[in-house]
Visitor: 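This structure is in structure tokens; I'll ask about it shortly.
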Amino acid sequence: MKVVVSLGGSVLSLDNPGYMAEVASLIKKVAKEMDIYVVVGGGKTARKYISTARKFCNDERYLDRMGIMATRMNAMLLNSFFRKRIPHSIEYAARMKTPVIMGGTTPGHSTDAVAAMLAAKIKASHLIIATDVDGVYDRDPKKHRDARKMDRISIKVLRKMAGEGWREAGKSAVIDAIACRIIEENAIPTFVLNGKKLEELENAIYGREFNGTVVEI
Ligand code: UTP
């Protein structure tokens, strides 16, 4: 079995090294039984660098490259437990022995899209989007107290929610539009969940029932 996990930067925090150690031990455990690839997001670090640099520069590709560096810093942090090479492309990642830990690749999309591209390339059995909320909601749960989590959502509806194309550096919807397109075109079974809840992450990795959202292809 092959699984790709997009671990949102919002889930990893420098203030919570204990969580990082727990994720690393989960990856080690899973790697004994299947091929696991983890694509790490840039989180707050990426957003802070991008929003500060945006005051001086409006070159989106330049800003994206700063974001990519933040994702690779976070990947290096998680990789401290593994001390492996961090691939800069999905082609290289696909050739590596697992577990693979990586960040972003090229400008114009988020690490969710990298994870979707990698899942398509290696023909992963499933893709997990581990974010900082419990799944896909009908509206932003951080802004609306009455937002409702959906146990299932069709990829078509999710694509409508995500909009079209890449917006700007540091900004994305639940899953970015490019990731949604790749998921639909390659019919990748996709699960969205809260990456802070390691039991749910483990359940989804092993294909067991989990609390989150199943994306129907
Ligand atoms: P993230 O994947 O962390 O973006 O990459 P995000 O949508 O803010 O993710 P969450 O909120 O942690 O889930 C950070 C930024 O780095 C650039 C983009 O500007 C992105 O917004 N990036 C990342 C790229 O341009 N290409 C990549 O392959 C990855």
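Quick note: residue numbers are just sequence positions, from 1. Only this structure's heavy atoms are used, side chains among them; waters, hydrogens and symmetry mates stay out. Counting convention: from 1, in listed order, for ligands and their atoms alike.
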Visitor: Between the side chains of Glu184 and Arg159, is the shortest nitrogen-to-carboxylate-oxygen separation below 4.0 Å, so that they form an ion pair?
Guide: yes
Visitor: In plain terms, say whether Arg95 and Glu91 are close enough for a salt bridge, that is, a side-chain N and a carboxylate O under 4.0 Å apart.
Guide: no
Visitor: Going by the atom numbers of ligand 1, which of them fall below 4.0 Å from some non-hydrogen atom of Thr105?
Guide: 27 (C), 28 (O)
Visitor: State plainly whether one hydrophobic cluster holds both Val39 and Ile128, where clusters connect Ile, Leu, Val, Met, Phe, Trp and Tyr through side-chain heavy atoms under 4.5 angstrom apart.
Guide: no
Visitor: Test your reading of the structure: does Thr71 have an N or O sitting under 3.5 Å from an N or O of ligand 1?
Guide: no
Visitor: Looking only at N/O atoms, are Gly41 and ligand 1 under 3.5 Å apart anywhere?
Guide: no
Visitor: Do the side chain of Ser125 and the main chain of Val3 share a donor and acceptor less than 3.5 angstrom apart?
Guide: no
Visitor: Strictly below 4.0 Å, N to O, side chains only: are Glu60 and Arg54 in salt-bridge contact?
Guide: yes
Visitor: For ligand 1, find out whether one of its N or O atoms is nearer than 3.5 Å to an N or O atom of Asp112.
Guide: no
Visitor: So if I count the atoms of ligand 1 from 1 in the order they appear, which ones are less than 4.0 Å from some heavy atom of Ser110?
Guide: 2 (O), 4 (O), 7 (O), 29 (C)
Visitor: Any N/O of Thr106 closer than 3.5 Å to an N/O of ligand 1?
Guide: yes
Visitor: By number and element, which atoms of ligand 1 are closer than 4.0 Å to a non-hydrogen atom of Val114?
Guide: 28 (O)
Visitor: As an exercise, identify every atom of ligand 1 less than 4.0 angstrom from a heavy atom of Gly42.
Guide: 1 (P), 3 (O)
Visitor: At less than 4.0 angstrom from any non-hydrogen atom of Arg47, what atoms of ligand 1 do you find?
Guide: 8 (O), 11 (O)
Visitor: Determine the sole option in Leu118, Thr111, Val38 for which the side chain to side chain contact (heavy atoms under 4.5 Å, CB included) test with Met102 is passed.
Guide: Leu118
Visitor: Only heavy atoms of Gly104, strictly under 4.0 Å: list the atoms of ligand 1 that pass.
Guide: 27 (C), 28 (O), 29 (C)
Visitor: Nearest heavy atom to atom 16 (O) of ligand 1: which of Gly103, Ala113, Gly67 does it belong to?
Guide: Gly67
Visitor: Just checking, any donor-acceptor pair under 3.5 angstrom between side chains of Lys149 and Asn211?
Guide: yes
Visitor: Got Asp132 and Lys196 here, is their nearest side-chain heavy-atom distance under 4.5 Å?
Guide: yes
Visitor: Quick check: is Val23 connected to Tyr206 through a chain of hydrophobic side chains (ILVMFWY, heavy atoms under 4.5 Å apart)?
Guide: yes
Visitor: Return yes or no for this condition: an N or O of Gly9 is under 3.5 Å from an N or O of ligand 1.
Guide: yes
Visitor: Does this structure show an ion pair linking Lys156 with Glu216, if we count only N-O contacts that are shorter than 4.0 Å?
Guide: no
Visitor: What atoms of ligand 1 come within less than 4.0 Å of a heavy atom belonging to Gly43?
Guide: 3 (O), 12 (O)
Visitor: Is it the side chain (CB and beyond), the backbone, both or neither of Asp64 that lies under 4.0 Å from ligand 1, heavy atoms counted?
Guide: both
Visitor: Within ligand 1, which atoms have a heavy atom of Gly108 less than 4.0 Å away?
Guide: 25 (O)
